[in-house]
Participant: 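Just passing along the structure, written as structure tokens.
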Protein chains: 2
Amino acid sequence: MAEEHEKGQEIGAANPARPGHATMNTIATHLGVSRATVSHVLNGRSAEQRIRPETQSRVLDVARELGYRPNALARSVRSGKSRMIGYLVSDPRYEPYWNTIIGALDEAEQEGFTLKVLSVTPGTFAERIRQCMELRLGGLIVRINQDKSTLFAEANRVGIPVVTVDESVPQSFGVRVNAADALGCREAVSHLVELGHRRIGFISSGFGRQPLEIVPTREGLFLQEMATRGLDVPDGCVTRETMLVYGRRAKAGHDTATGLAATDALLEHPAGRPTAIFCWRDEAALVAIQACHRRGLRVPGDISVVGFSDISAAWLCDPPLTTCQSPWEEMGRTAVRQLVNAVEGEFDPSPREILIPSGLVVRQSSGPAPT
Amino acid sequence: MAEEHEKGQEIGAANPARPGHATMNTIATHLGVSRATVSHVLNGRSAEQRIRPETQSRVLDVARELGYRPNALARSVRSGKSRMIGYLVSDPRYEPYWNTIIGALDEAEQEGFTLKVLSVTPGTFAERIRQCMELRLGGLIVRINQDKSTLFAEANRVGIPVVTVDESVPQSFGVRVNAADALGCREAVSHLVELGHRRIGFISSGFGRQPLEIVPTREGLFLQEMATRGLDVPDGCVTRETMLVYGRRAKAGHDTATGLAATDALLEHPAGRPTAIFCWRDEAALVAIQACHRRGLRVPGDISVVGFSDISAAWLCDPPLTTCQSPWEEMGRTAVRQLVNAVEGEFDPSPREILIPSGLVVRQSSGPAPT
DNA sequence: CTGAAAGCGCTTACAG
DNA sequence: CTGAAAGCGCTTACAG
């Protein structure tokens, strides 16, 4: 048995120095049958091919002995189909985005697909597109901070389905999966209003108007909710921050200065200090809490703070943060499901948006408005 | 031009319904030359093959027009080499592990490799091993919570290099990349002692003794540092927590109860409250701060708290956490570099450990011992 | 019941 | 200067 094993490995080894994988040829020559027979047996076509039971078991036994594994790459070349999905992402360090990737990874694995993450910067975008094409990926998930038209053009040309995640700008190609921020925003404002808050400040993003425009959207939703309730948002009650939070060791450092300044501006507002601050993301909310503490303000006793995303820091901090829980993992799962359907069935490239529900998680950073 | 484009696509398309990729055959028939010539030109072997300059430019032009992309899978099949690295991980939701993946991803992309993340649970381990083999990955990075011997056996048999990350149990196969926790631990204890602390409690992990054993190690290092300085650690000054922190929505929820209890036990220690608490990970430290606040203790005024890892919450919380900054990204980079060397040169499977330096980051959760 | 043959896309000696 | 041929590992009609 051990000798056969050795022998099989030698036959199959391209490079005698390395052990190498056994191939169908290894098994076939080892047994004196053809590769076709081996292929039929190993792929469960013994029945329709009426392979002799004895041959079947001989093939299966040797395959097991040699630790045969089919070469997925060769299969892909042959079939022209790929069960590999690419995930192009600009900010893999940002917790919400890797949560999305995790969701996608999980769903892909359930479906028998594998996921390939490719990080993108303006300088490497063309190179990444090239890699996607060369790897003959079966589908692409995209969350990128820049113009995607070159990618769309090429994917469209060769027929690769594309799904974007968390990109709110309508595009002429592919499916968009997004969070239903409107729901979370409405719940958050309702929550604060029910607690008696009327003067509510908003800390928005100071980043340029990216194609993404997630920022204006959340800010806009907030203003809309306030207007619906007849609540005034005076000039200066929306401020902006630009700190970089992409990972523990982002190049620009953990600069909380703009977040602190944005909060200070709200706290010193001439029309009077707001009793609550709603923030476009959790990081801003947590820094806002730091700013309040520095002034001796208690959260939520003196002022309530609400965030957006529900990052892990939101429940590890003190007080734990009330926040809109965006459905990041589910967004990733949904994106994969779309692509799996596209790969396995017909690809429908008609542009459409899929919204995943979100909701408010009430913790201890929000409380009754002080009287 | 446009017509040629159309024509080329039709020739190259396996399925006429889908556009599909152009192949070397598409180009060759389009030009009336052989595939070999196309291959030579496209791979920069025009010189040694002395391809006529005119032919060269015709090939290059048509390749550009048709948007030709070489099929990386077919290349891999042909060469038997793969520039794809697999990353097997049990807890991709855990921020430190995710950071390690990011570092690996970044380094792999710099080296012209791609990374494939595969998440592993006890129930899917065998399936994941199978996928790694079928995809003919060129190397494997491993961070798994269970016995890895079946993986090692198979990788060894077919000659795939394996590097483990953050696995401190010596193994008979492959390279281990680890953080030099000893450095961080020494700096942390020195820092506290210099601030006048003598009674220091430790919150350790209550998880079973996994093969990983990162926990006993950190606890052991702490005890050793204390002993070196002649400082006593009475019974009960090391407590344990088991909260699950793998992601925002881990199935078991964000249960901070064991962390709070571990802290309470220290604060009520019969030999007197410690003036500082050192924790085996940041999450425990942040929950410890919550527990202190609940008792009206000020951090760091009444008690200092130091963590381990430097997760993002460590600098978003208030007070920002003093912590040992483990070099997660660098560990990922190092692992990839080992594998790249293995793929490109000779594979040296001799077991060895590579330690990446770590250090203390002093923030505001530690201060002078109260008198 | 099984095998010879053609082919997926690519590469590499080897002729001429 | 270029092409015919063999081959990587796999699959699929098609003979017999």
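Sequence lines set the chain letters: A, B, ... in the order given, protein chains first and strands last, and positions in each chain run from 1. Nothing here was measured: the structure is a model prediction, and the numbers come from that model. Side chains are part of it too, since the values below use all heavy atoms of this structure and drop only hydrogens, waters and symmetry mates.
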Participant: Please confirm whether the shortest side-chain N or O distance from B:N43 to OP1 or OP2 of C:dT11 is below 4.0 Å.
Facilitator: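 For C:dT11, OP1 or OP2 has a side-chain N or O of B:N43 closer than 4.0 Å.
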Participant: OP1, OP2 of C:dG3 versus side-chain N and O of A:T37: anything below 4.0 Å?
Facilitator: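 Answer yes for this pair, as a side-chain N or O of A:T37 is under 4.0 Å from OP1 or OP2.
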Participant: Expressed as a whole number of Å, how far does the P atom of D:dT12 sit from that of C:dC1?
Facilitator: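 These two P atoms come out 22 Å apart once rounded.
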Participant: With the threshold set at under 4.0 Å for non-hydrogen atoms, list the residues of residues 72-80 of chain A touching DNA chain C in residue-number order.
Facilitator: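 Listed by number, they are A:V77, A:R78.
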Participant: Return the value, rounded to whole Å, for the distance between atom CG of A:L135 and atom P of C:dC10.
Facilitator: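 For the pair A:L135 CG and C:dC10 P, the rounded distance is 13 Å.
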Participant: Nearest whole Å is fine: how far is D:dG9 C1' from B:K81 NZ?
Facilitator: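 For the pair B:K81 NZ and D:dG9 C1', the rounded distance is 18 Å.
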Participant: Taking OP1 and OP2 of D:dT11, is either one under 4.0 Å from a side-chain nitrogen or oxygen of A:S39?
Facilitator: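 Answer is yes, contact under 4.0 Å.
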Participant: When you check the gap from the basic side-chain N to the acidic O, do A:E134 and B:R83 get nearer than 4.0 Å?
Facilitator: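 Result for this pair is no, no salt bridge flagged.
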Participant: Measure from CG on A:N71 to P on D:dC10 and round the result to the nearest Å.
Facilitator: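 The answer, rounded to whole Å, is 5 Å.
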Participant: Before you tell me yes or no, could you show the steps for B:D147 and B:S149 under side-chain hydrogen bond (donor to acceptor under 3.5 Å, both in side chains), namely the whole-Å CA-CA distance, both residues' side-chain angles and the distance that decides it to 0.1 Å?
Facilitator: CA-CA 6 Å; B:D147 181 63; B:S149 51; 2.5 Å; yes
Participant: Let me spell it out: for each of B:A36 and A:I51, pick the nucleotide of DNA chain C with the closest heavy atom. Which residue's pick is nearer the 5' end?
Facilitator: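 Here A:I51 is the residue nearer the 5' end.
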Participant: Between D:dT2 and C:dG9, how far apart are the two P atoms, rounded to whole Å?
Facilitator: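 24 Å, rounded to whole Å.
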Participant: Mind checking whether A:Y68 and A:V62 have side chains closer than 4.5 Å, heavy atoms only?
Facilitator: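 A:Y68 does not reach A:V62 side chain to side chain.
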Participant: Mind pulling the stems DNA chain D is in, i.e. runs of at least three Watson-Crick or G-U pairs, everything under 3.5 Å?
Facilitator: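 So the stems come out as C:1-3 with D:14-16, C:5-12 with D:5-12, C:14-16 with D:1-3.
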Participant: Would you say A:R35 places a side-chain N or O within less than 4.0 Å of OP1 or OP2 belonging to C:dG3?
Facilitator: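 No.
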